[in-house]
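First the proteins, then the strands, lettered A, B, ... as listed; each starts at 1.
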2 protein chains.
Amino acid sequence: MSKRTEKTIVDIAEELELSVSTVSRALHDHPNISAKTKEKVKKMARKMGYRPNTMAAGLRNNKSKTIGLVVPRISMFFPATISTVIQNKLQEHGYNLLICQSNDSLEQEIALADTLYSARVDALAVSTTLYTTDFSHFDVFNENNIPLVFFDRVPKDYKVKVIKGDDYLGGLTVTNHLIERGCKDIVHISGPLTCNLYVERVAGYKSALQQHKIPFKKSRIFYHELTRENALQTCEKIFAQQPYPDGVFAANDTTAITILEYCRKIKLRVPEDIKIAGYSNDPRAEIITPSITSVDQCPALMGEKVAAALLELLQQSKPVQKYNEEIIPIELITRASTEGPVVKTRGKKK
Amino acid sequence: MSKRTEKTIVDIAEELELSVSTVSRALHDHPNISAKTKEKVKKMARKMGYRPNTMAAGLRNNKSKTIGLVVPRISMFFPATISTVIQNKLQEHGYNLLICQSNDSLEQEIALADTLYSARVDALAVSTTLYTTDFSHFDVFNENNIPLVFFDRVPKDYKVKVIKGDDYLGGLTVTNHLIERGCKDIVHISGPLTCNLYVERVAGYKSALQQHKIPFKKSRIFYHELTRENALQTCEKIFAQQPYPDGVFAANDTTAITILEYCRKIKLRVPEDIKIAGYSNDPRAEIITPSITSVDQCPALMGEKVAAALLELLQQSKPVQKYNEEIIPIELITRASTEGPVVKTRGKKK
DNA sequence: CCGAAAATTGCAAACGTTTGCACTATAAAT
DNA sequence: ATTTATAGTGCAAACGTTTGCAATTTTCGG
């Protein structure tokens, strides 16, 4: 009812005729406080409906018990899964998580870095925008020894802890798989090369072609944001003229699904006429008919690693933060969309 | 390098030989400060790398510019979509969002309410656990006039702002649809009745049966958490003996998908032998073959409404908060899994 | 050039905690 | 009983802002 209804430790102290410091210590189980006093204080705190004020404590301690997380979008499968894991893990350790999304806008990402620093997050985990190539908006965290961890979409040449998937190996494995299944003309649909993921997947794709002496053709690779709309446009281009490719490696599953549907529409049989593989192992890839071969990136494991890295960096109060890179393994999940004859590769057989 | 590297407005004031209050006001574009001073202060702030400390401001103002969000899981389609929208909307208005997940554990939900109150969130949005029937852990928000909005999974008899889908209508519509398509023996797989969603969907299901003079059989309805594992167990029961049902209304799409796959396995044809409908319009429902009829709950719209409600309640500084309920419409999305002859219903035809 | 109004700026308290240090009471040792 | 160690408690400053009010400066009409 009344205005000043919030109880503070000062109120408890007055009520109990103790000092504020004693109350504070009692509530925190400080060893110097007698058991009786602790009991008394805690009981009174409960009775008065006392609630600690994190902001006041944070100001005093210079730590907020809050960690920031910046991802492109929280509703996409991969970041959502990772966020879930991180959130649960940190929650267990008494940290709150400020989850923010950049919507793949560099401008928003910069603003978020600013806001999260102002909130004095104790640490920050980031998966960048597709278009982030300059990382100076994160400098302030490094300068102030605030643990900073990048994952999945990570910087090049930026001294910071990095946890990423093995995208080169992923690209290589998928492409090799398609080749082994008999594909000789493989289209690759990639995201923009401003993002490390796609640079590496493309590199893997090219390596695989080279290993099998298949010439790389510039016309067989496409770069754009991997949305359904863009994928459709690319389909129009790919299937505008013969010969059609006999394999498609899409750098995400939304794209792979779109291609599959397009093929169905133009009466191309998958996998008989054309084989399709995606990336990220979105739940939809498993469920569509035919199910789509994809690359599992172990999002849960990545989330664990990110959380662990954050917690570890938070431990070591001193700024020992070493620059290092952790690679999360990938696993090829082969499904119906790439079934077909396994063709012997020259020399080494599978 | 050095320890005390954080710049504060005190530092700026000293550097400029101004008072702290002037600096504070200048940075906030207070009208009483001259244009020259503002310029000078802002330039110096930039130069010194000053970053406001939200915690200090929050302590003084008694507002954190942070809003709490509690959902069962952030990686599930429906809450993820809603969270995305809420987050973006609030971000636009300068609020941070503390996203937390209860993992459908009442215990965790209680702990989160506590933590978020301690963080002095300016408002709170909640979609409860499946098992939350007592809401007293949220009392403290009401008592202190902190805007509190429940959505989707909402309380009964708790004086608070509520935004929910029309689950009764949803249940009714789906069941009517199945009946119109010729089903006469419809199984309903529901979540636990501790959650409003399922109470209402069941009520809708029963109403539809009644309207069509189809007897309700207790043995044709199942209650459990709607996971894949549980769905499989239920399938075992349903198809343990003849006669098989000719329609299934599952209260979520994960369950519907599981049933569909089970039917496929035991060579039941969908929709010829049995029709299946789900709920929530998960992206997988559209993509599976046959595609599954489901109920679109307009998550984006719900997110908008929640964000709008929060912002509105934050406006009115006075505790005028009226208890009211907003209903988000639903839309039946009919797909292949329920195709078949439309049977005339007695009297009113579609 | 004077005085009053208007425009700027400064003072100091407050927000709720935590914590180093000093202090008092109690227990143990002589 | 006196000293010494130990356990328990209190004082007061500090964290970085914001803001009501007072104080100062500027502007300007006359």
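- The existence of a salt bridge linking A/D104 and A/R73 is confirmed by a sub-4.0 Å separation between a basic side-chain nitrogen and an acidic carboxylate oxygen.
- Spacing between atom CD1 of A/I12 and atom P of C/dT17 amounts to 8 Å, rounded to whole angstrom units.
- Salt bridge A/E304/A/K89: present, at least one basic N to carboxylate O contact under 4.0 Å.
- OP1 and OP2 of D/dC15 both lie 4.0 Å or more from every side-chain N or O belonging to B/T8.
- Closest contact between the side chain of B/A56 and the listed nucleotides C/dT8, D/dT17, D/dT18 involves D/dT17.
- Salt bridge B/K7/B/E15: absent, no basic N to carboxylate O contact under 4.0 Å.
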Check against side-chain contact (heavy atoms from CB on, under 4.5 Å), A/L313 and A/V149: CA-CA 9 Å; A/L313 290 172; A/V149 175; 3.8 Å; yes

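- Evaluation of the ring pair (Phe, Tyr, Trp, His ring centres under 6.0 Å) test over residues 82-129 of chain B, restricted to residues two or more places apart or in two chains, returns B/Y117-B/F141.
- Summarising the geometry, the separation between CD on B/E6 and C1' on D/dA14 is reported as 15 Å, rounded to the nearest angstrom.
- Of the two residues contacting DNA chain C, namely B/K38 and B/R60, the nearest-nucleotide position lying further toward the 5' end is that of B/K38.
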Secondary structure string for DNA chain C (Watson-Crick or G-U under 3.5 angstrom, | for other-strand pairs): ||||||||||||||||||||||||||||||

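- Distance CG (A/L59) to P (D/dA13): 17 Å, rounded to an integer number of Å.
- Between B/K161 and B/E312 there is no salt bridge, since no side-chain nitrogen of the basic residue lies less than 4.0 Å from a carboxylate oxygen of the acidic one.
- Across D/dT17, C/dG16, C/dT17, the shortest atom-to-atom separation from the side chain of A/I9 is found for C/dT17.
- Counting all heavy atoms, side chain and backbone alike, A/K42 lies closest to A/L27 at CG-CD2, 4.3 Å.
- Counting any heavy atom pair closer than 4.0 Å across all strands shown, B/R51 reaches sugar-phosphate atoms only and no base atom.
- DNA chain D is contacted by A/E17, A/L18, A/S19, A/S21, A/T22, A/R25, A/N32, A/I33, A/S34 of residues 15-36 of chain A, taking any non-hydrogen atom closer than 4.0 Å.
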